[in-house]
Protein chains: 2
Amino acid sequence: MNISQAARRSGVPAKTIRYYESIDLIPEADRTASGYRVYSDKDVERLRFIHHSRRLGFSVKEVADLLALWEDRSRASADVKAVAARRVDEIDAKIAELTSIRDTLLHLMDRCHGDDRPDCPILDSLADTRGCHAAEQEDEAEETRRSA
Amino acid sequence: MNISQAARRSGVPAKTIRYYESIDLIPEADRTASGYRVYSDKDVERLRFIHHSRRLGFSVKEVADLLALWEDRSRASADVKAVAARRVDEIDAKIAELTSIRDTLLHLMDRCHGDDRPDCPILDSLADTRGCHAAEQEDEAEETRRSA
DNA sequence: TGTGAGGGTTCCAGCAACGGGAAGGTCAAG
DNA sequence: CTTGACCTTCCCGTTGCTGGAACCCTCACA
């Protein structure tokens, strides 16, 4: 099948398939006499694997690792699990960061009238030296002192 | 003061200050006779505002909007609050997405032995046509049908 | 047999938001 | 006068693609 069929069946856009080939995430595709790329069901299966992995937020590098494990019939499932565990840790950290930011914003919004008047605790806080208590601003306060 | 002092006091790296100038987020700095950039306390204040805004995850474009509001003494606090509200919505969406991915990964990890044996539900799921139930795979199933 | 639509191919540019590093000018201290 | 710590500009690399230009291929239809 040609690239657009492989794209439809795998969920990976044709352009992205070419890109994956260019960065060696997938092997070079076979070509027809006229230079068209040709894909097999096995290729589509691999693309689908990549697609799903990317949707779970694995980086392309991590996907390459997962692909290698997938194709290594003698892998240990513990190795796969470790990759997934690292990803979960990253996600947890990201969620914690976003939650902290969210709480700060909601707190500021709560204290802002949100009307026609110009005075606004949100802007005040952004402009403030101490920077809206979004944790460790110690260094900044210190720099201000040092430069005085 | 010169750029590295402004960087220390504002928390924005010197390189980033130059970058902000190049994209017109901040006005062109004055220069000494020899071409060095010169910054005032007011400039540092603005940089600090930018720094805090960026830490709350606002894009550079949004920071430009916030800066404009900050410098507009006749702004309405409702406008600022609206920008913050949009940001909160984005964060909520992102957290929901990450949480969903996290749950999927934990579910898969739960069913993986994580030992020396090669069989691994995580890889199986990534390879599966239905793609680890991470929501709306309807289109993919449909494409598979259509191409059959 | 021509022709037009709808494939395919390559390469180049660009997105966000910087960071690294090269090549070179400047400044203050010893 | 030299040394080292600044400063300047410029360009490349990052991540993961996406859009577009310019061009070639294939197939159905008149």
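Labels below follow one simple rule: chain letters A, B, ... track the order of the sequence lines, proteins then strands, and each chain is numbered from 1. Treat the numbers as computed from the prediction; the structure is a model and nothing was measured.
Going from atom CG of Leu56(B) over to atom C1' of dA17(C) covers 17 Å, rounded to whole Å. One interatomic measurement links the two molecules: CD1 of Ile23(A) to P of dT15(D), which rounds to 10 Å at whole-angstrom precision. One interatomic measurement links the two molecules: CD of Glu21(B) to C1' of dC10(D), which rounds to 15 Å at whole-angstrom precision. In this entry the distance linking CZ of Arg55(B) with P of dC18(C) reads 13 Å, nearest Å. As rounded to whole Å, 12 Å separates atom C1' of dG19(C) from atom OH of Tyr19(B).
Within 3.5 Å, a donor on the side chain of Tyr36(A) pairs with an acceptor on the base of dG7(C), or the reverse.
In this structure, Asp116(B) places its CG atom where only 12 or fewer heavy-atom neighbours from other residues, nucleotides or ligands lie under 6.0 Å away.
Note that CD1 of Ile95(A) is 13.5 Å distant from OG of Ser100(A), once rounded to the nearest 0.5 Å.
Side-chain proximity of Asn2(A) to dG7(C), dT18(D), dG19(C): nearest is dG7(C).
Residues Arg54(B) and Lys15(B) each lie close to DNA chain C; by heavy-atom proximity, the contact nearer the 5' end of the strand is made by Arg54(B). Comparing Ile3(B) and Phe58(A) by the nucleotide of DNA chain D whose heavy atom lies nearest to each, the residue mapping closer to the 5' end is Ile3(B).
A close approach under 4.0 Å does occur between a side-chain nitrogen or oxygen of Tyr20(B) and OP1 or OP2 of dC18(C). The side chain of Arg37(B) contributes an N or O atom lying less than 4.0 Å from OP1 or OP2 of dT9(D). Phosphate contact (OP1/OP2 of dT26(D), side-chain N/O of Ser34(A), threshold under 4.0 Å): present. Using a 4.0 Å cut-off, no side-chain N or O of Arg8(A) falls inside it from OP1 or OP2 of dG7(C). The shortest distance between the side-chain N/O atoms of Arg31(B) and the OP1/OP2 oxygens of dT9(D) is below 4.0 Å. Proximity of Ser4(A) to the phosphate of dG8(C): a side-chain N or O atom is located under 4.0 Å from OP1 or OP2.
At a threshold of 4.0 Å, the pair Arg48(A)-Asp128(B) does not count as salt-bridged, since none of the basic side-chain nitrogens sits closer than that to a carboxylate oxygen. Between Asp30(B) and Arg37(B) no salt bridge is recorded (no basic side-chain N to carboxylate O distance below 4.0 Å). Under 4.0 Å is where a charged nitrogen must lie from a carboxylate oxygen, and between Arg46(B) and Glu71(B) at least one such pair does.
Counting non-hydrogen atoms under 4.0 angstrom, Thr32(B) reaches nothing in the nucleic acid. Arg18(B) comes within 4.0 angstrom of a nucleotide base, judged by non-hydrogen atoms across all strands.
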